[in-house]
Amino acid sequence: ARQVGSGNKLVGCAAYLQSNLSPRCLAKRQTDFLRQDILVDAYKHRAKSVVMLAAKRMGEEIKKGHSQPVAWNNCHMYLIKAAMAHCHLYCVESFFDGVNSTDASQPAVDALMSLCQLYAIFGISQNKGDLLQDGYINGEQIDMLERQLIDLLAIIRPIAVTLVDSYDIPDKMLSSVLGRYDGNVYENLYEWAKKAPLNKKEVPAAYKYIGPFLKE
Amino acid sequence: INPDIAEERRNAKFDPVELTYVIDGGKEKTERRRYLESEVLNDPSFDDPMDISFMTDEQRHTNSVRKAIQVVRRTQELEISNPMELIWFRAATNPLEVPSLSLHTSMFMTTIVNQMTLEQRSQWESAAKKFELIGTYAQTELGHGTFLRGLETTATYDPRTQEFEIHSPTLTSMKWWPGNLGKTVTHAIVAAQLYTKGHCMGVHMFMVPLRSLETHLPHPGVELGDIGPKFGYSNIDNGFLRFNHYRIPRENMCMRHSQVMPDGTYVPPPHKKVSYGSMLPIRSAIVGNTGWALAKGCIIATRYSVVRRQSELIPGTKEAKILDYQSQQLKIIPNIATSFAFILTGKEMMKTYFDSLAEMNEGNFSSLPELHATSAGLKAFTSAVVASGLEELRMSCGGHGYSKASGFPELYTTAVPATTYEGENTVMFLQTARYLMKV
């Protein structure tokens, strides 16, 4: 933020702080929220605005006569939000980059892209206050975005099991009766319970208290 | 195969292995990973004597160390030295637990390689690689965590004997938490305030022998122990360490970047943050690891949610698969998306780390502030999201998610320490914010 203020050219993962972003979200219809440029711009806008707001609040604290460390402490709420927004943008961009660089079949890429779009849309929905606060996005657009989220859930639901199969984690490494590849959950929960240490004896050690108590 | 889950797989429009290749980075890598995993999964010496949920903490510690040593033997026999392949192999041996001796192969070795001179490396690197000694990384103290400058352990140079005297001057200066410190390791990289010629030169790293290589007893002047039962990590002897005027040779200071000459003259490092370097690969790796922890939770919740049926979605029909309810989809599908995002972001982060490391090895430290800020923030962001995500996925399995049979209790308690280790998350966010304010 300080370097942006001084006009220095930024490089690296914070270069967006200097980019000319649209002041308003350009989505006009629901499906626009599937576009990478629209989604990434929203994250860039959010990160830039909360970073700059944190810098502004820091400046105001200093102007009040507070020392730098006291000003910093008084701005933790803004600063942590700024760091989170910056990291969230990094994850969204990395996800899109990962999807765009795959050479899998079209159905597989489509599945991954749907997941990526859902990740980005879900994050905006969860943090919509940041974008509504400065008027970047309006209530109507949020409604379209959340409708798109629901449509994506319906697209991903039928392939959910295949998606998690693709993590390729064998049962022995997953170590979960509920998550077994064969889905035979209930019979194996029963087998697992029978092996529990408390089931080694029909009458537990605690009977030394139970027995006399019942006879009292 | 349960007919409900079989039906789901018949609906698939693509072969899941295609996405496996994307995640692993190509077909060859997937095949190599599967081969290495099969070496573990088909080797009875890696089997647990019983379900770890049924073991005591001491049984788990002993079993975990046994398996870690077996990993060393087998990986040497199979001539596996690639870091990623070693991670795959170890992960297969410890499905739900963090593997024992993992700090030896991560931060202990990383510090030797990145913070010691070539001469020092010739002494320690080979011994560490051959496991002639077992090490850990002792930074955190009982009363001090992420704030490095607050550490109290001292290393005072004595030019007469050319030794450092390592000392714990207060109760709060005891080293507290390092993995395998309590009962397992023989050596530690110790972070201590360096004093020479009467001046404090800040925190530096020292190679400190802790236990006899013959008897495994602590050396005189070294007090060691386990810190006791924890929320998770039941197989790991996280330890405490107290020094009482314990002496080590001058050559045991990590001197690649800053040095103490025999007469006590201090030579400062070229960049003030180079000594923080050992944290960077771990923080970078945490990003991808969190994605994998969440992935495991997603597998469990998704598969269970197509087997479990509950209530009538349409009155008068069969009980519905719970994944058919939109509310269940909202609990699970965003977490699937998030796990993919974090796995791919983790790959990007590790690439950035290795690129920066190559630059730093050539004396260019310009990327260090961005790497430091990014790895700190992403570690905090991803670990926090995964902690809440795993809890949401556990709850999506109803009551059975609370049983250890589900895997969630071990999965959760193994994943959530990432929110506090290698830098408490709020402090990490503030470090990222500091960088953002500067730029």
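Within every chain, numbering begins at 1; the chains are lettered A, B, ... in the order of the sequence lines, protein sequences first and strands thereafter. Here the structure is a predicted model, which means the values were calculated and not measured.
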Centre-to-centre under 6.0 Å for [X] and [Y], is that the case here?
X	Y	answer
A:H86	B:F429	no
B:H372	B:Y435	no
A:Y167	B:F340	yes

Salt bridge between [X] and [Y], side-chain N to carboxylate O under 4.0 Å?
X	Y	answer
B:K351	B:E348	no
A:E60	A:R57	yes
A:D165	B:R9	yes
B:E18	B:K27	no
B:K321	B:E8	yes
A:D182	B:R303	no

Can [X] and [Y] be counted as having a side-chain donor-acceptor contact under 3.5 angstrom?
X	Y	result
A:Q36	A:N100	yes
A:N74	A:K64	no
A:D143	A:Q30	no

Part of [X] lying under 4.5 Å from any heavy atom of chain B:
X	answer
A:D171	side chain
A:Y186	side chain
A:T102	side chain
A:K81	neither
A:L189	side chain
A:L79	both
A:L10	side chain

Using the six-membered ring of [Y], assess whether NZ or CZ of [X] lies under 6.0 Å from its centre and within 45 degrees of the ring axis.
X	Y	value
B:R434	A:W72	yes
A:K194	A:Y190	yes
B:R394	B:F408	no

Heavy-atom distance under 4.5 Å to chain A: side chain of [X], backbone, both or neither?
X	result
B:K404	both
B:S367	neither
B:E410	neither
B:R33	side chain
B:Y21	neither
B:T93	neither
B:D48	neither
B:S305	neither
B:Q329	both
B:I336	both
B:V439	both

In terms of heavy-atom pairs under 4.5 Å, which option from [options] contacts chain B the most?
options	value
A:C91, A:A54, A:A111	A:C91
A:I121, A:V51, A:D103, A:I159	A:V51
A:V177, A:D110, A:V109	A:V177
A:S6, A:A55, A:P158, A:C13	A:C13
A:R157, A:Q106, A:Q3	A:R157
A:A193, A:A160, A:G98, A:A82	A:A160

Checklist line | Short side-chain to backbone donor-acceptor contact, A:N188 and A:N184, under 3.5 Å | finding: yes

Mind ranking [options] by heavy-atom pairs under 4.5 Å with chain A and telling me who comes out on top?
options	value
B:I333, B:T426, B:V306	B:I333
B:N335, B:I5, B:N94, B:T432	B:I5
B:R308, B:K13, B:M50, B:K347	B:R308
B:P334, B:A376, B:A12	B:P334
B:L330, B:I332, B:I299, B:D24	B:I299
B:A380, B:S339, B:A6, B:G401	B:S339

Next item on the list: Identify the residue among B:I286, B:V386, B:L378 that makes a side chain to side chain contact (heavy atoms under 4.5 Å, CB included) with B:F342.
Entry: B:V386

